[in-house]
Amino acid sequence: MDYKELSELIFPNVKDISYYEEKYPERNLPEGAVVTRFAPSPTGFVHIGGLYQALVARTIAQKTKGVFFLRVEDTDQKREVENGVTGIVNSLKDFDMAPDEGMISDTEEIGKYGPYKQSLRKEIYQAYAKYLIQQGKAYPCFCKPEEVEEIRQKQENAKIRPGYYGVWAKCRNLTVEEMAEKIKQGENYIIRFKSPGREDRKIKHKDIIKGNVDFPENDQDIVIIKADGLPTYHFAHAIDDHLMRTTHVIRSDEWLSSVPLHLQLFQELGFKAPKYAHISPIMKNDNGGKRKLSKRKDPEAAVEYYKKEGIPADAVKEYLLNIANSTFENWRRANPNAKMEEFDFQLNKMSVSGALFDMIKLLDIGKTVISKMTAEEVYEKSLEWAKEYDEELTEMLKNEEYALKVFGIERGNKKPRKDISKWSDVKENIKYMYDDKFFGEIQEYPYQPAISDKESIEKILKLYIEKYYDENDDKQTWFDKIKELTTEMGYAGEVKEFKANPGMYKAHVGDVSTVLRVALTSRTNTPDMYEIMQVLGKDRVIKRLENQINANS
RNA sequence: GGCCCCGUGGUCAAGCGGUUAAGACACCGCCCUUUCACGGCGGAGUCAUGGGUUCGAUUCCCGUCGGGGUCACCA
């Protein structure tokens, strides 16, 4: 009995690895092209950190004319969630980040390097496990979980490094005959990697993001094939990223400490190792401490959240890109209208430590992104959002022609308004432009300062209707008339005059405008009032002003 | 606990031996504006700490402290 026969005994029906090596050849890509992947496990929803990784991976692949693919890591059946793959695929689509290759639905995929779902690659992993066994680089381990636990307990009590290694690796030194015998007896086993490493030796690793990192070599005989015949993450990673010809593994930095193992696996398998870029996680401030954004505690950890809130996908991406390369915002200021794909993204400029998630900044980016849109785009996107999340808003937007007018207020000029940061803001933002909402709301006079007595307010409104308002006035005339009204009331026609002569005037033109604005919109903060009045039209303007007069008396 | 990584204003961060230590968000003030917003101008605020090395350390070395990661038949 030798290793070869042992390998036959364990995996009698798998192909030779040469088959796979030929089936998945080196990719024919331009010089410098980078192949990256997003490799989540379908355990529910996509985490914002996952989206971040995917964005980075996709951006760098795109920049180098390489390939970005989606691989599903579903080797843990216990954690699997129904529709997990669909959720991932859809989330990427929501952010306009569909992969070049890989899974495109729960069951379909595109690309020649598949299957892209690990559970479908069982035979491939086994072929390579067999290959290792043949060379004596892997072996069956018959230890029961309780035994392994017992070993760990002993090690812990003796305060020595825990794990399955060296003298503690009981099965590593079984003879081939003993192994074969146990298998024939029907004993359960798993396959372990026979690590050639020594803990007292160091290996050097140069990570694209983290830089030079030294580790002790790996000496753990880790499990590569589990009892269910599926591989562990580490083994699958080595096989898949080799066979899929990944050049750059971009993943969360929780994997950094596994690098010695991974490098060793690539080495023993005879593969060329990929380059690694370990990304720092996005953190959250938690009572003074930092912690990773948690799916359980933080709603904003799930990418679904952004969709529900109506934060534009581009805003999320720009924010993330900004965390990735802080030079992004300088670039953005210099190129306000360029596509973000044109930004010269640098993997090695990424921060080494984890950034705290800043919702305020994200929303600020949202404002800017939306402010650059045309009325048509704003209409289209908010309607799309409303259809899914807000029935009332959908109803409001039914009249497209009117909605476009409303969204067109102070938009499309050089200094557009920035008062919508997310689609869920839209309703509050335009509500008062709809009569049923406007008159339906409880009208409270929210403005308390200079002009607050009912008589003055009533006088202003009446005068305005009777003497000054003309819907055909151009903006300058319109405003001049408000100034005239102000003067007639005995207030300061110019704000400067008001400020220059403290105590001389009770109010100024701004205060009068505010009275009109409140009557017209029931709020003190609105876009340009002239434009609002144009959109409202004469009848509705007068009706609203009269309504205020009546409410007053 | 072992191993590994990190520590510049409230937050994200440029910087990599000599800088008035960029910029963005947030904050404050002023200007512009009919108000708010936008925009413009200005302001406050930072190199965790103690030792070295050096003519000179935010930058280099060591310790301390603080934060994070990892030590599964989970990924």
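Letters A, B, ... are given to chains in the order of the sequence lines, protein chains preceding strands, and every chain is numbered from 1.
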How long is the line joining CD of Glu531(A) and P of rU35(B), in whole Å? 16 Å
How long is the line joining CZ of Arg333(A) and C1' of rA14(B), in whole Å? 12 Å
Between Tyr491(A) and Tyr505(A), is the ring centroid distance below 6.0 Å? no
According to the interplanar angle, ranging from 0 to 90°, do the rings of His278(A) and Tyr276(A) count as parallel (below 30°), tilted (30 to 60°) or perpendicular (above 60°)? parallel
Could you list, one pair per line, each protein nitrogen or oxygen that sits under 3.5 Å from a nitrogen or oxygen of nucleotides 7-12 of chain B, together with the distance?
unit_1: rC12(B); atom_1: OP1; unit_2: Leu356(A); atom_2: N; d: 3.2

Distance-only polar pair, side chains of Ser280(A) and Lys210(A), donor-acceptor under 3.5 Å: yes
Candidates rC5(B), rU70(B), rA75(B) - which lies nearest the side chain of Lys226(A): rA75(B)
By side-chain hydrogen bond (donor to acceptor under 3.5 Å, both in side chains) - contacts of Trp255(A) (at least two apart): none
For Asp219(A), all residues meeting salt bridge (charged side-chain N to carboxylate O under 4.0 Å, His left out), sequence neighbours excluded: Arg161(A)
Using atom P of each nucleotide, how far apart are rC74(B) and rG63(B) to the nearest Å? 38 Å
Can you tell me which nucleotide in rC73(B), rA75(B), rU34(B) comes closest to the side chain of Ile190(A)? rC73(B)
Taking rG23(B) as the reference, what is the distance to rG56(B) when you measure between their P atoms (whole Å, please)? 30 Å
In whole angstrom, what separates Tyr165(A)'s OH from rG2(B)'s C1'? 10 Å
What interatomic distance, in whole Å, is found between P of rG15(B) and the corresponding atom of rA22(B)? 14 Å
When every nucleotide of nucleotides 27-32 of chain B is labelled 5' to 3' by its protein contacts under 4.0 Å (heavy atoms), B for base, S for sugar-phosphate only, - for none, what sequence of letters results? -----S
Pairs flagged by side-chain hydrogen bond (donor to acceptor under 3.5 Å, both in side chains) wherever residues 224-234 of chain A is involved - sequence neighbours left out: Tyr233(A)-Arg251(A)
Taking atom C1' in both rA21(B) and rC31(B), compute the distance separating them and give it to the nearest angstrom. 29 Å
Is the distance between the ring centroids of Tyr319(A) and Phe357(A) under 6.0 Å? yes
Between Thr75(A) and rA75(B), is there a side-chain N or O to OP1/OP2 distance below 4.0 Å? yes
Quickly work out the Asn212(A) CG to rC5(B) P distance and round it to whole Å. 10 Å
Where does RNA chain B form stems of at least three consecutive Watson-Crick or G-U wobble pairs, each pair having both distances below 3.5 Å? B:1-7 with B:65-71, B:10-12 with B:23-25, B:27-31 with B:39-43, B:48-52 with B:60-64
